[in-house]
Amino acid sequence: MLSRRGFIGTAALVSASAISGRVQAANIPEAQIMDKVTMQPPLHPTSGPDYRPVVTLNGWTLPWRMNGDWKEFHLLAEPVEREFAPGMKAFLWGYNGQSPGPTIEAVEGDKVRIFVTNKLPEATTVHWHGMILPSGMDGVGGLTQPHIRPGKTFVYEFELKHSGTFMYHPHSDEMVQMAMGMMGMFVVHPRDQSFRPVDRDFVFVMSSYDMDPGTYLPKVTEMTNFNMWAWNSRVFPGIDPLPVRLGDKVRVRIGNLTMTNHPIHLHGHSFSVSGTDGGWVPESAQWPETTTDVPVGAIRAFDVLADNPGDWAFHCHKSHHTMNAMGHDLRTVIGVSKKDLAKAVGKLAPDAMVMGSTGMAMGEMEMPLPDNTLPMMTGSGQFGAIEMGGMFTVMKIREGLARDDYRDPGPYRFPKGTVAYEIDAPPPEAPRQGDPKDKAKPTDTKNMKGTNMKGMKGM
Ligand SMILES: [Cu+2]
């Protein structure tokens, strides 16, 4: 699953004097590279305190090595190619072969030494968002350290004072480097294993991109008008599902490095926000939610008891964030006569296709797309088109999944008689307010129980 790339060449050796005097260049751990875009199995600790490791949607955890009492990691900032979903690729910047970078995982009290090698065409730094650490390790280019020039390696050393969920990202040409996908998550487990343990622990970071159909590079000067809304630089239907065993205690940790907030919604359950990038939320301060807003530059971790089996949609509740790039420039023509519209359009563009007069569900419509883009609404389930994109996936809660089994269990097998169903009934004669034939008051609920109401299919 890991491919290794021997990168420590002359450039790194020449820069030895730039490296902290405490370590030698020759002693840099190998930077491990990931070439898969699917969720990799959790990385269980082989030394130190045991913990239940996280899994990263469409991502992986960065392997480390022990060197004395230091846990050593190696991040490689570099250009990468990332598939958003089958049919669309982007040329991004990231770490160790992917955008976002690998999740860094450690334990409260650990001393971490993180090597950062810059293989980008411009300078970078790494800021450890939310970490309580010495100022000189905070990674703000110019303010707390010199920028890491191309080809150079810097070392960050600090002790993990607190457990929780954190992020890392550049603090150097930030607008460009974050718009290009440079970011990752950093999870610190409590040293006390009895502190709020969970059975499954998912993590991902949200990013957004502005990419015209047919192009491969995000527009890095865009400030607000993005068209690809991604979880771990993937969009639906490219986002991994969250497979969960019925009865599991589940934690989902979500970072937001987009330029807007995301109200994240889970169906079929009630959850509580258990942590932010500032630390753990005391139980006395938690309240039940089904949607939690994740502000810009923040993290929300929520805990949920997965006690309701099924396929549960899990998504951002801004409807334009569950869509992909194609088609946002369309005008609203709901209610316009398709025939008249087709006649008018046909004069100008004989091959044009008139659409949208009854809504915009396009899931089942086969339309040729330009190269390298994705339909606005796409994906399919066992009952047909799902008509989603962007920040959407499914929590799949099933009986009897094995502890570390994160494979997609496939579509839910609904017990007989538990799925919403259609009946054969004529459309209702809807009484109108002010209609002289209508003797009933509009609010007369007795009338609303009449046979007419039973057949309100499609209302
Ligand atoms: Cu959103």
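For reference, positions follow the sequence shown, starting with 1. Values below: all heavy atoms of this structure, side chains included; hydrogens, waters and symmetry mates excluded.
Using modelled atom types, one finds a donor on one side chain and an acceptor on the other under 3.5 Å when comparing Lys318 with Asn261. Between the side chains of Thr124 and Gln177, at least one donor N or O sits under 3.5 Å from an acceptor N or O. When only modelled atom types and interatomic distance are considered, Asp138 and His171 share no side-chain donor-acceptor pair under 3.5 Å. Judged purely by distance below 3.5 Å, without hydrogens or angles, the side chains of Ser99 and Ser233 pair a donor atom with an acceptor atom.
In the displayed structure, Arg65 atom CZ is contacted under 6.0 Å by more than 12 heavy atoms of other residues, nucleotides or ligands.
Not counting sequence neighbours, Asp50 has no partner by the salt bridge (Lys or Arg N to Asp or Glu O under 4.0 Å) test. Contacts of Asp199 classified as salt bridge (Lys or Arg N to Asp or Glu O under 4.0 Å), with partners at least two apart in sequence or in another chain: Arg403. When the salt bridge (Lys or Arg N to Asp or Glu O under 4.0 Å) test is applied to Asp110, the partners found at least two apart in sequence or on another chain are Lys71, Arg191. Taking Ser163 as the reference, Glu108, Val188, Pro190, Trp280 meet the side chain to side chain contact (heavy atoms under 4.5 Å, CB included) condition, with sequence neighbours excluded. Here Lys89 pairs with Glu81, Glu83, Tyr216, Asn372 under the side chain to side chain contact (heavy atoms under 4.5 Å, CB included) rule; sequence neighbours left out. Taking the side chain to side chain contact (heavy atoms under 4.5 Å, CB included) definition, one finds that Glu399 meets it with Leu246, sequence neighbours left out. A search for ring-ring contact (aromatic ring centres under 6.0 Å, His included) contacts involving His189 returns Tyr51, not counting sequence neighbours. For Arg413, there are no side chain to side chain contact (heavy atoms under 4.5 Å, CB included) partners, not counting sequence neighbours. Every residue two or more places apart in sequence or in another chain that forms a side-chain hydrogen bond (donor to acceptor under 3.5 Å, both in side chains) with Asp248 is listed here: Arg200, Arg245. Judged as a ring-ring contact (aromatic ring centres under 6.0 Å, His included), and not counting sequence neighbours, the contacts of Trp229 are His262, His321.
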Residues Tyr168, Phe166; criterion ring-ring contact (aromatic ring centres under 6.0 Å, His included); working and verdict:
CA-CA 7 Å; Tyr168 62 89; Phe166 310 98; over 10 Å; no
Is there a side-chain contact (heavy atoms from CB on, under 4.5 Å) between Met182 and Met178 once you walk through the steps?
CA-CA 5 Å; Met182 296 191 73; Met178 301 233 286; 5.9 Å; no
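Two rings, from Trp231 and Phe314, have their centers less than 6.0 Å apart. Aromatic pair His267/His269: centroids not less than 6.0 angstrom apart. In this structure, the ring of Trp128 has its center less than 6.0 angstrom from the ring center of Tyr156.
In this structure, the side chain of Glu422 does not engage the main chain of Asp424 through any donor-acceptor pair within 3.5 Å.
Residue pairs that meet the ring-ring contact (aromatic ring centres under 6.0 Å, His included) test with at least one member in residues 385-409, sequence neighbours left out, are Phe202-Tyr406, Phe236-Phe392, His315-Phe392. Each side-chain hydrogen bond (donor to acceptor under 3.5 Å, both in side chains) pair with one or both residues in residues 304-313, not counting sequence neighbours, appears once here: Asp311-Arg398.
A distance of 8.0 Å separates CG of Asp293 from CZ of Arg300, quoted to the nearest 0.5 Å. Taken from CE in Met167 to OG1 in Thr165, the straight-line distance is 10.0 Å, to the nearest 0.5 Å.
Taking the six-membered ring where the residue is Trp, His129 and His127 present perpendicular rings, their angle passing 60° and hence far from 30°. Trp64 and Phe73 have tilted rings, their planes meeting at an angle from 30° to 60° on a 0 to 90° scale.
With respect to Lys249 and Asp303, no salt bridge is recorded, no charged nitrogen being found less than 4.0 Å from a carboxylate O.
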